[in-house]
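These notes concern the structure reproduced below.
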Amino acid sequence: MQNNLHIFNSLSRKKELFRPLHPPFAGIYVCGPTVYSDTHLGHARPAITFDILFRYLQHLDYKVRYVRNITDVGHLENDADEGDDKILKKARLEHLEPMEVVQKYMDTYHRNMEQLNVKGPSIEPRASGHIIEQQMLIKELLEKGYAYIVNGSVYFDVKKYNEKYEYGKLSGRVLDELQSNTRTLEGQDEKRNPFDFALWKKAAPEHIMRWPSPWGEGFPGWHLECSAMSYKYLGEVFDIHGGGMDLQFPHHECEIAQSTAAHEKEPVRYWMHNNMITINGQKMARSLGNFITLDQMFSGNNPLLKQAYSPMTVRFFILQAHYRSTVDFSNEALQAAEKGLQKLMKGIETAGKLKPSAASTVNIDDLREKCYSAMDDDLNSPILLSHLFEAVRIVNSVSDGSAKLDEKGIASLKDLLNVFTFDILGLKNESAGKEDEELTGNLMNIIIDLRKDARGKKDFAASDKIRNELNKIGIILKDKKDGVDWERNPI
RNA sequence: GGUCGGUUGACCGAGUGGCCAGGUAGCGGUCUGCAAAACCGUGUACGGCGGUUCGACUCCGCCACCGACCUCCA
C-alpha cells in the first residue's frame, strides 16, 4: 500500500513518511481522558486531531486499530506518597462510589464526542479492567531489575533504566538536569530517586479503590496502564502513539521506559502530540480554573461565552488551526468560524444543484491533488480548508455562470467536497433538517399575517387564494375570534 | 533557573528565500425595483536591531515580549 502521508514525529522532531509496520494494518494508541470531571474544550483537541488521523488512514484503505483508553483508576493528584487518586477524591466529594463517578463522566465524554462527530475508537480499554495485565508488566519489570519494592509499593528505577537506555529522549530531557531541577515534594522518602515513579501503590486503609497483588493490596500507577493496554491490543511495537503535548513529560516518557524495559524494544514508531487550546494566551486547564466545558460551549452557559456555539462550529474552529499550534479561544474567532462553516455548507448544498455545461473551464483534478497534499503534509487541516473554500468558490462561480463544468467535472467537484469535508474532516451539516419545525412555524406566522393584511384591505381574492393553496398542500387554516390557528391535515 | 516553542494585516490563522494562503470584518464594483446572497477588485501583514544574499517575513546573531513543559493537566 502506497501513501505519501508525512507526520511529524515528536521523537525525531521531523516530518517522516508514514510507513506502518504491518501494512495494510495500522495501529494507533491515544491517551484518553481521566474521567473525574466534565469534558472541556481542551479534550476536544486530541479527540478531533486523532479522529482526523483515524479517518484519513481509513480513507487511504488502511485497516486501522485505534485504541483510546479511559483512565478510571490510578491517576494521582501528584507523585507524592499521599497523593490522592483523582477519581477517589471526587467520589468522596460527591458521596458516590468511584465507579459512579467514572460512569457519569465517561457518559458525558461519550455524549460530547458524539456531538462533535468524533468516531469511537476500535477499542476503548479501561485501566480498571486491566489490573492483571498491569501486574504482569510489574512482575516483568521486577524480574528484569528495573523496579523495586518498598513497603508494599513498587517503583520504577529510572537511574537503572538510564544505564542501558535513554530516559528523556522524547521530551529532550537529560537525567542529570532532572535530578538537580526536581522540586522537593513531601513524602518521597520511599523512592530511591525523586524522578522514580510509582508502578503500584500500597492502598491506605481508607482507600476504597484497591486490588490484591503479590505486593499487598493497592492500585496501579498512572503511567502503567498505557504501557499494559497498548501492549495487549497493539503488541510490543506499534505504529502511532498520540496525546496532548502536556503528556509528553512525564507520562509518555515513563511509558517508553516501562515498555522498553519490559520488552527490550522501542514501543512506538511515530509519536504525535497535539498542542493546547489557550484562553487569553494561557492554557485552558481544569487546574487553572479557566476552562469551558463542552456542554457550556454548546449551550452558551458560561460567563466567557457571548453565545452558544454548535458542535460543528467548535470542530471547524479547531480544524482551522494546525494541530501542533496553540489555538487561542475568543468569541470573535468562534463567530468567524461559525460564518465560515456556514459558507462551506451552503457551498456544498449549491454544488448539488449545478447544471452541467458542454465543457469545463476549471480543473478539479488539480484541486483534488492539492487537498491530498495538504492532508499528507502532517494533517494540515487549515490548508485543506483553504482548498475547500476554493472549491466553494468554483461552485458559486459555476452557479452564477462565470465558470463552467461538464457533467464529469460537477460529479468530481461534489465528490471532492463530500469526501474531504464529511469523510475526512468529519464535519456535518447541522442546519439540514434541524430547525424545520421552528422554521415551519415562523413561515406560517408570516403567511397568516399576509392573509390578515389582505382581509383587512378586503382583498378576499388574495386571502382565499392563500387559504386554498395551503389546503392543497395539506394545511388547514381556522379563523377564530382571537386569531388564526393552523394544523396539518392528516391525510 | 533549565528545556522547548511562539511573536504574521481590524480579528483568527497558514506558509514560503524572489509569485497566491484561507476564514471573518471593512471598502469599491457587478448583479438586483430595494435588500440579501454570489461574483470581481481592494488594503504598503510579517516583534526590534544587525548580518548573510542580486533578493528575507522566510537563513544567522543579538535583544524584547509571550507561552508550554520541568508537579496533576488533553
Side-chain angles (χ1 to χ4, degrees), chain A residues 10 13 30-34 36-37 39-50 68 71 75-80 83-86 89 109 168 171-174 176-186 188 194-195 197 222 242-251 253 273-278 280-288 291 316-317 319-344 346-347 350 370 374 377 380-390 392-403:
Chain A
S10 308
R13 277 153 257 249
V30 172
C31 291
T34 301
Y36 70 104
S37 183
T39 311
H40 62 75
L41 188 54
H43 291 106
R45 193 91 194 263
I48 289 172
T49 298
F50 296 107
R68 189 185 65 205
T71 298
H75 202 153
L76 301 182
E77 292 268 284
N78 61 53
D79 235 2
D84 257 334
D85 184 296
K86 284 165 180 279
K89 193 178 173 188
Y109 180 74
S171 53
R173 257 156 258 252
V174 180
D176 291 348
E177 285 169 9
L178 275 177
Q179 201 145 15
S180 54
N181 282 320
T182 308
R183 295 180 206 173
T184 38
L185 289 168
E186 293 298 312
Q188 300 232 62
F195 41 75
F197 53 91
W222 174 39
M245 264 179 191
D246 50 350
L247 296 180
Q248 212 164 339
F249 189 92
H251 184 56
E253 206 68 75
H273 291 95
N274 64 275
N275 215 319
M276 305 288 105
I277 290 182
T278 58
N280 297 323
Q282 270 211 319
K283 189 171 88 166
M284 182 179 289
R286 262 193 284 255
S287 51
L288 296 174
F291 66 92
F316 184 89
F317 168 69
L319 290 173
Q320 262 191 319
H322 188 261
Y323 77 90
R324 282 190 292 114
S325 304
T326 55
V327 56
D328 197 50
F329 166 86
S330 73
N331 282 284
E332 292 72 19
L334 262 298
Q335 282 160 359
E338 188 175 52
K339 291 269 181 60
L341 178 65
Q342 272 171 18
K343 180 172 177 163
L344 180 59
K346 245 192 274 182
T350 307
K370 286 184 190 169
D377 185 15
N380 199 328
S381 55
I383 292 290
L384 174 56
L385 281 172
S386 79
H387 295 321
L388 291 178
F389 279 108
E390 168 68 13
V392 166
R393 220 202 77 244
I394 294 172
V395 166
N396 288 326
S397 300
V398 172
S399 174
D400 68 13
S402 53

Once you apply a heavy-atom cut-off of 4.0 Å, does [X] come out as touching a base, just sugar-phosphate, or nothing?
X      : answer
A:H40  : base
A:I277 : base
A:G42  : base
A:D328 : sugar-phosphate
A:K283 : base
A:S325 : sugar-phosphate
A:A285 : base

How close or far is atom [atom2] of [N] from atom [atom1] of [X], stated in whole angstroms?
X      : N     : atom1 : atom2 : value
A:L385 : B:G22 : CG    : P     : 13 Å
A:Q335 : B:C12 : CD    : P     : 13 Å
A:I383 : B:G22 : CD1   : P     : 10 Å
A:M245 : B:U3  : CE    : P     : 19 Å

Below 4.0 angstrom from OP1 or OP2 of B:G15, is there any side-chain N or O of A:N380?
-> yes
Quick one: is B:C72 close enough that its OP1 or OP2 comes under 4.0 Å of any side-chain N or O from A:K86?
-> no
Nucleotide forming a Watson-Crick or wobble pair with [N], both distances under 3.5 Å:
N     : value
B:G1  : B:C70
B:U52 : none
B:C65 : B:G6
B:G28 : B:C40
B:G33 : none

Between B:C57 and B:C49, how far apart are the P atoms? Round to whole Å, please.
-> 11 Å
Is A:R173 close enough and on-axis enough to A:F249, meaning under 6.0 Å and within 45°, for cation-pi?
-> yes
